[in-house]
Each structure stands twice: as structure tokens, then as C-alpha cells.
Amino acid sequence: MISYLSGAEVLADARLRLGALPADQGILIVEGYDDVRLFSPHSVGKESLLPCGNKDKLLDAYGRLEPGEEARIVFVADCDYDVPAERLRPASNLIITDYVDV
């Protein structure tokens, strides 16, 4: 189990993983290991699914994306309370669940 200290580390790992994947595949970054259990049966392989540890790290990584990376790196965040408070909105590569837990 990898423990990241920041979103920068999450994104660095995602970029490394992308280098090993075919150009038509991408990385799905999720908050935690519960999300991995949900998405792994639908992923190409475990190297394409990256649990980052928590929402703060996920959003930090999302904020560090460089132009063009959004085509191959997608994020899934739980709704929690920041969405109803309008502090977080979905985007083309930021999927937010309908409920507090996916």
C-alpha cells in the first residue's frame, strides 16, 4: 500500500504509470481503497487505478494537471459536504459521486 504525502506525489506516480500504458488508456485516480474495490472489475488493470489516500490529495493532484493531461487522467471524488456548499463542482475529468460514499 503506497502512502502519498501530497497531490504532487500522486500526480507524479500517475505520470509514471501513463508511460507504461498504451496511448489509448488512462489512469483513474480515486480517494481510497474502497473505491478500488468498486472500480477494479471495470478497469484494464491495477496499474490504471490509483488510490491516493483522501480527497485533499486527490484535489491537490487535480489542481496540478498540466494542459493535455486531462485526456488521460480522470479523478473520482465523493460528494461529501463541499458539493452542496458549492465549493466543488464536477468537470470533464473530475467526476463527483451523488452520495457521500461511492
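Hydrogens, waters and symmetry mates play no part in the numbers below; they use all other heavy atoms, side chains included.
With contacts defined as side-chain heavy-atom distances shorter than 4.5 Å, the pair Ser48/Leu28 does not qualify. Ile27 is not listed as a side-chain neighbour of Val74, based on a closest heavy-atom distance of 4.5 Å or more. With a 4.5 Å cut-off on side-chain heavy atoms, Val10 and Asp60 do not count as touching. Residues Glu69 and Asn93 fail the side-chain proximity criterion, which asks for heavy atoms closer than 4.5 Å. With a 4.5 Å cut-off on side-chain heavy atoms, Glu31 and Val76 do not count as touching.
Residues Ile95 and Leu49 share a hydrophobic cluster, clusters being chains of Ile/Leu/Val/Met/Phe/Trp/Tyr side chains in contact below 4.5 Å. One hydrophobic cluster holds both Leu38 and Val30 under the rule that ILVMFWY side chains link at heavy-atom gaps under 4.5 Å.
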Legend entry - Residues Leu11, Ile73; criterion side-chain contact (heavy atoms from CB on, under 4.5 Å); working and verdict: CA-CA 9 Å; Leu11 197 52; Ile73 302 176; 3.9 Å; yes
Inset, instruction - Decide side-chain contact (heavy atoms from CB on, under 4.5 Å) for Glu66 and Arg15; before the verdict, give the C-alpha distance in whole Å, the side-chain angles of both, and the deciding distance to 0.1 Å. - result: CA-CA 11 Å; Glu66 294 179 5; Arg15 288 172 177 146; 3.7 Å; yes
Legend entry - Intermediate values then yes/no, side-chain contact (heavy atoms from CB on, under 4.5 Å), Leu94 and Arg89: CA-CA 8 Å; Leu94 175 61; Arg89 294 194 173 150; over 6 Å; no
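Checked by atom type and distance alone, the side chain of Lys55 pairs as donor or acceptor with a backbone atom of Asp78 at under 3.5 Å. Remark: side-chain polar atoms of Glu70 are paired, donor with acceptor, to backbone N or O of Gly68 under 3.5 angstrom.
Checking Asp35, Asp13, Leu50 one by one against Ile29, the side-chain contact (heavy atoms from CB on, under 4.5 Å) holds for a single residue, Leu50.
The ring-ring contact (aromatic ring centres under 6.0 Å, His included) test applied to Tyr62 returns Phe75, not counting sequence neighbours.
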